[in-house]
There are 2 protein chains.
Amino acid sequence: MSTCKNHKISIDEALKKAEIICNKKGVKLTKLRQKVLTLILKNHGYVKAYDLLNDLKKNDASAKPPTVYRSLDFLMEHGFIHKIQSLNAFVGCSHPDEHEDCYFLICKECKNIEECCSNTVKKVLTSTSGKNNFSPNQVTLEITGICQDCS
Amino acid sequence: MSTCKNHKISIDEALKKAEIICNKKGVKLTKLRQKVLTLILKNHGYVKAYDLLNDLKKNDASAKPPTVYRSLDFLMEHGFIHKIQSLNAFVGCSHPDEHEDCYFLICKECKNIEECCSNTVKKVLTSTSGKNNFSPNQVTLEITGICQDCS
DNA sequence: AACTATTATGTTATATTATAACATTCATTT
DNA sequence: AAATGAATGTTATAATATAACATAATAGTT
């Protein structure tokens with residue numbers, strides 16, 4: 001069982017968690033989707049779609065862009081991964097079951113991405129949106145900088 | 001002089017402002033850059049790079065991707081426009097001289113984008129980053145939802 | 001004015017990211 | 001087994017962006 005200081009939980013645990021959530025929802029975590037999720041979780045930083053595709057090709061030469069994008073779509077839809085908009089990249093989610101608005105601390109040194117949840121941030125964003133009479137739907141909050149280990 | 005309720009200032013004013021800032025900085029707002037900035041400001045919502053390219057081609061058939069991307073880079077570098085990461089699109093900036101961390105309210109109905117500055121938001125983000133021992137460098141905050149006019 | 005250095009633009013080519021559209025396979029239910 | 005719907009395979013292409021090198025314009029120097 002592989003673990004990593006950057007994973008709140010191990011890959012195996014994350015996969016099991018995903019399996020359980022899928023069962024609850026009545027959707028299927030197919031072999032392919034598992035494979036893609038595993039490849040993403042294995043990385044401590046972020047992963048690019050075409051790097052994933054190349055990884056998939058090692059086992060299955062017939063893998064093509066839709067192969068990976070469809071899995072990515074599924075995994076995003078169910079909160080198992082997130083897309084980092086400012087990088088066109090993807091990261092695993094450490095807590096797909098308890099999902100709130102999250103934000104990302106992206107270290108430009110080590111490329112590591114920390115996913116954070118903060119009620120304070122959430123509240124401030126909601127209230128500021130409210131002041132603008134805006135009904136928020138989806139928040140993209142990505143903070144690039146230098147992490148503790150790299151400073 | 002064209003104005004728009006969504007522009008805090010008119011296009012002409014924005015151009016003049018940009019001109020002044022460029023002079024101060026010792027950089028040049030060339031005809032091409034002016035043209036690109038104008039095309040962006042004319043839009044009330046966001047603009048895609050290749051739409052800009054097509055607009056440019058109307059006057060100059062030889063325009064090519066680097067033509068527009070270089071201008072976009074320049075305009076972003078000096079704060080005259082912003083890139084909306086979640087849309088791969090660009091919006092004009094209404095206050096390039098008094099620049100702080102801004103965020104964007106993106107209406108998925110009317111496609112309008114409101115640029116906002118909030119000290120509260122800024123403070124919360126800085127302090128939350130600090131709690132994670134993270135030195136923020138650049139913040140991407142994009143909130144998608146429904147604006148007042150569309151709700 | 002001629003020379004030089006720098007900046008900006010032109011040009012060709014290609015890299016990167018992502019989706020549309022249709023065919024086939026697989027799993028589940030009947 | 002047949003029918004259905006979901007998932008995957010496959011082909012093609014769309015959309016976004018940059019590398020690399022050539023030329024032109026500009027500003028500063030002689």
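Chain naming here is simple, since letters A, B, ... match the order of the sequence lines and numbering starts at 1 in each. Just so we're clear, the structure is a prediction, and the values are computed from it rather than from any experiment.
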Gap between atoms [atom1] and [atom2], on [X] and [N] respectively (whole Å):
| X | N | atom1 | atom2 | answer |
| --- | --- | --- | --- | --- |
| Asp60(A) | dT10(D) | CG | C1' | 12 Å |
| Gln85(A) | dA17(D) | CD | P | 12 Å |
| Leu53(B) | dA17(D) | CG | P | 12 Å |
| Glu77(A) | dA6(D) | CD | P | 12 Å |
| Leu75(B) | dA8(C) | CG | P | 12 Å |
| Asp51(A) | dT17(C) | CG | C1' | 12 Å |
| Tyr69(A) | dG9(D) | OH | P | 17 Å |
| Leu87(A) | dA17(D) | CG | P | 13 Å |

Worksheet item: Please walk me through it: do His82(A) and Phe90(A) pass ring pair (Phe, Tyr, Trp, His ring centres under 6.0 Å)?
Response: CA-CA 6 Å; His82(A) 298 290; Phe90(A) 303 86; over 10 Å; no

Taking only side-chain nitrogens and oxygens of [X], does any of them come within less than 4.0 Å of OP1 or OP2 of [N]?
| X | N | answer |
| --- | --- | --- |
| Lys48(B) | dT16(D) | yes |
| Asn88(B) | dT17(C) | no |
| Arg70(A) | dA18(C) | no |
| Thr30(B) | dT9(C) | yes |
| Lys83(A) | dA18(C) | yes |

Fill in: Residue closer to the 5' end of DNA chain C, Ala63(B) versus Val27(B) (nearest nucleotide)
Val27(B)

Considering only [options], which nucleotide approaches the side chain of [X] most closely?
| X | options | answer |
| --- | --- | --- |
| Phe90(B) | dT11(D), dA27(C), dA17(D) | dA17(D) |
| Thr67(B) | dT8(D), dT19(C), dT11(C) | dT11(C) |
| Ala49(B) | dT8(D), dA17(D), dT9(C) | dA17(D) |
| Pro66(A) | dA18(C), dT19(C), dA8(C) | dT19(C) |

Checking the side chain of [X] only, and the main-chain atoms of [Y] only, is there a donor and an acceptor separated by less than 3.5 Å?
| X | Y | answer |
| --- | --- | --- |
| Asn88(A) | Ile84(A) | no |
| Arg33(B) | Leu75(B) | no |
| Lys122(B) | Cys102(B) | no |

Worksheet entry | Contact nearer the 5' end of DNA chain D, comparing Phe74(A) with Ser62(A) | Phe74(A)

Discussion item. Assess whether a salt bridge exists between Asp55(B) and Lys58(B), defined as any Lys/Arg side-chain N lying under 4.0 Å from an Asp/Glu carboxylate O.
Written reply: yes

Worksheet item: Going by ring centres under 5.5 Å and near-parallel planes (under 30°), is Tyr50(A) stacked on dT16(C)?
Response: no

